[in-house]
Number of protein chains: 2
Amino acid sequence: MKIGKIFKHLRKSKHITLQEAGQGIVSTPFLSRFENGLTDISFTHLLELLNRINVQLSEFEFLYQRQNTDNNDQLPNFQRAYQAGDVKKLQEYLLVWQKRKGKFAQLQAIQLKMMLVTLGKGKVSKRELSVLTAYFQSINNWTFFELYLFGHAILFLKVPVMLNLFKELQKKELIYEDFRNDNFSMLFYIYNNVILRMLDERFLDTAETLVTKLEKYFKDQDKDYYHRTRLFNLKGLTLYLKGQKKIGLSLIKKANLITYLTDHEESFLWNERAYLKKYLTPKELDTVFDFSDSGY
Amino acid sequence: MKIGKIFKHLRKSKHITLQEAGQGIVSTPFLSRFENGLTDISFTHLLELLNRINVQLSEFEFLYQRQNTDNNDQLPNFQRAYQAGDVKKLQEYLLVWQKRKGKFAQLQAIQLKMMLVTLGKGKVSKRELSVLTAYFQSINNWTFFELYLFGHAILFLKVPVMLNLFKELQKKELIYEDFRNDNFSMLFYIYNNVILRMLDERFLDTAETLVTKLEKYFKDQDKDYYHRTRLFNLKGLTLYLKGQKKIGLSLIKKANLITYLTDHEESFLWNERAYLKKYLTPKELDTVFDFSDSGY
DNA sequence: CATATTTTTAACCTATATGCAACTTTTTAT
DNA sequence: ATAAAAAGTTGCATATAGGTTAAAAATATG
């Protein structure tokens, strides 16, 4: 309940008086009590007040979340532990969520299990996968929560089921057109995983359609060099597998070159190389990772 | 006051009943009334409810803002008109804000004037600049609003004044360490403008210090290819002007090459070239924009 | 189609968000 | 240093957010 305190801090740092801040929105005495944690405030009034002192809700939220470390904001915690490969922590989270009841608790638990499997621990049962599938099929408005869940589920679902769900997602995805960065990254991650899966199963035409779809996204996204680069890579591999080896390899090399030039952490290119081993000949592999002719 | 409606939409699309959604937070009848716009809701309760249905506040805010087009959300409107070079629209905004009173209205008006000057229309008086300076000096907690304002003011302020304010900003900037994308872009934009201004005025050491500072930022920001690329460019120009011509040109060329490889809109490189004309010889200019040896 | 579940509405009630006036504290000015 | 002004706080009044119960209306389910 430190909301008021944060607001007070922001207001004071901009040298705005209670009167100025509240004028026409709430009374001075009330604002004072709110700032000192003696009363709650309505959402509408808070929005108006933030607008008055020129603070974005996202900024306010950021400061708010930062103070509530003990908070119920599960996703970031999951993500952190998962990206760090912290199996132990993920197992702890799993125990917590398995104890809780309700639909979402179950989904969270399954998500944690999938993460653990990816890290080489435990397994996911068929029943759990069908719970997942049923859930996705029932949802007609995907938010970050579902995107995140689906992103992890791609490798576990059977191809036709997965593709079917993905088609559902595509129908709704217009919502995310100019969405904030978080969700776009997640959406790209999903596309990336789906395309790789398609290539692996040799559904080459489907993969190509998806690549084309992604390309449209980037017409107006000039500055998103990273995702553009990854897309070169996806397109290259797709064309390569479809028989257009020369142009395919050229695109893959281009992606690698950009990655190399931007000084992306070395292990990233190693992983790329390890992955491409599955498809390319050793000679081709050497070519697409040879940057000596670039001058850098 | 469509907040409730949005919540209802999200809840229904996830097939959650009022009872499930409200359980332990608010009563079912109340939630119903809220969803149908018959009553307001406290900020805390809304946060809890959103968490219950697994929707991020940022997602909710996005949907909310999208519906309120007539809203008081000035910044995005400004930005859109400015980036589109829409002088007429900016002049309309200016008239609106000049009529309003209060400190912020005045600042908004000055900001619009600066935008117009950059686009070649109108001018900013000395008195207005001193109002700006006074404001910046008084603020000890910069939010997006101030960052945005300062970003546009850099070209108008006298160097010592500008540098002084910038130093103040640097002291506070830790707040933005892992800030959401919007603000980081703005912060980079400011650094970029300050460094270019420093180079222009031949404060080469200051420029170099700032470049070094920015480099630290990108140690953990592997995936931000775009800003990394821009940084190569800044560093290159700085080193070039400091006499390390060879390594400087090499960095500038690298930045241009990445920009070229990622298919960034053509006009971007033209602008770069036009800008560099001020510093480089025609021969050097040709070299750093020659990508024929890259193979693409 | 009928039945079960969910949602809405209503009436009345309580808790609390918010306003107003008087008060205390802090800042500013002389 | 002291008065004047501005900013912030407290006590009390009131509007409204929110609860309880129950019944009607709408939706889902079989």
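Because the structure is predicted, anything quoted here is derived from the model rather than measured.
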Review point. Is any side-chain N or O of A:His45 closer than 4.0 Å to OP1 or OP2 of C:dA17?
Key: no

Practice item. Using a cut-off of strictly less than 4.0 Å, decide whether B:Ser42 has a side-chain nitrogen or oxygen near OP1 or OP2 of D:dG18. Key: yes

Check your understanding: Does C:dT7 have OP1 or OP2 sitting under 4.0 Å from an N or O in the side chain of B:Arg11?
Key -> yes

Check your understanding: More than 12 non-hydrogen atoms from neighbouring residues, nucleotides or ligands closer than 6.0 Å to NE2 on A:His15, yes or no?
Key -> yes

**Study point:** Nearest-nucleotide pick for B:Glu35, side chain only, options being D:dT10, C:dT8, C:dT6
**Key:** C:dT8

Check your understanding: Out of C:dT18, D:dT9, C:dT8, which nucleotide sits closest to the side chain of A:Ile41?
Key -> C:dT18

Review point. Salt-bridged, B:Lys14 to A:Glu146, with N to O below 4.0 Å?
Key: yes

Review point. Between B:Thr39 and D:dA17, is there a side-chain N or O to OP1/OP2 distance below 4.0 Å?
Key: yes

Review point. Nearest to the side chain of B:Ser32, which nucleotide is it out of D:dG19, C:dT8, D:dT9?
Key: C:dT8

Check your understanding: Within less than 4.0 Å of OP1 or OP2 of D:dT20, is there a side-chain N or O belonging to B:Ser27?
Key -> no

Check your understanding: Do A:Arg33 and D:dG8 share a donor-acceptor pair, side chain to base, under 3.5 Å?
Key -> no

Check your understanding: Which nucleotide, D:dT10, C:dT9, D:dG8, lies nearest any side-chain atom of A:Pro29?
Key -> D:dT10

Practice item. Compare the minimum distances between each of D:dG8, D:dG18, C:dT9 and the side chain of A:Lys12, then state the nucleotide with the smallest one. Key: D:dG8

Revision key, fill the gap. Checking D:dT9, C:dT7, D:dA7 against the side chain of A:Gln19 (C-beta onward), the nearest is D:dA7

**Study point:** Point-to-point distance, once rounded to the nearest 0.5 Å, from CD1 of B:Ile190 to CG of B:Leu147
**Key:** 4.5 Å

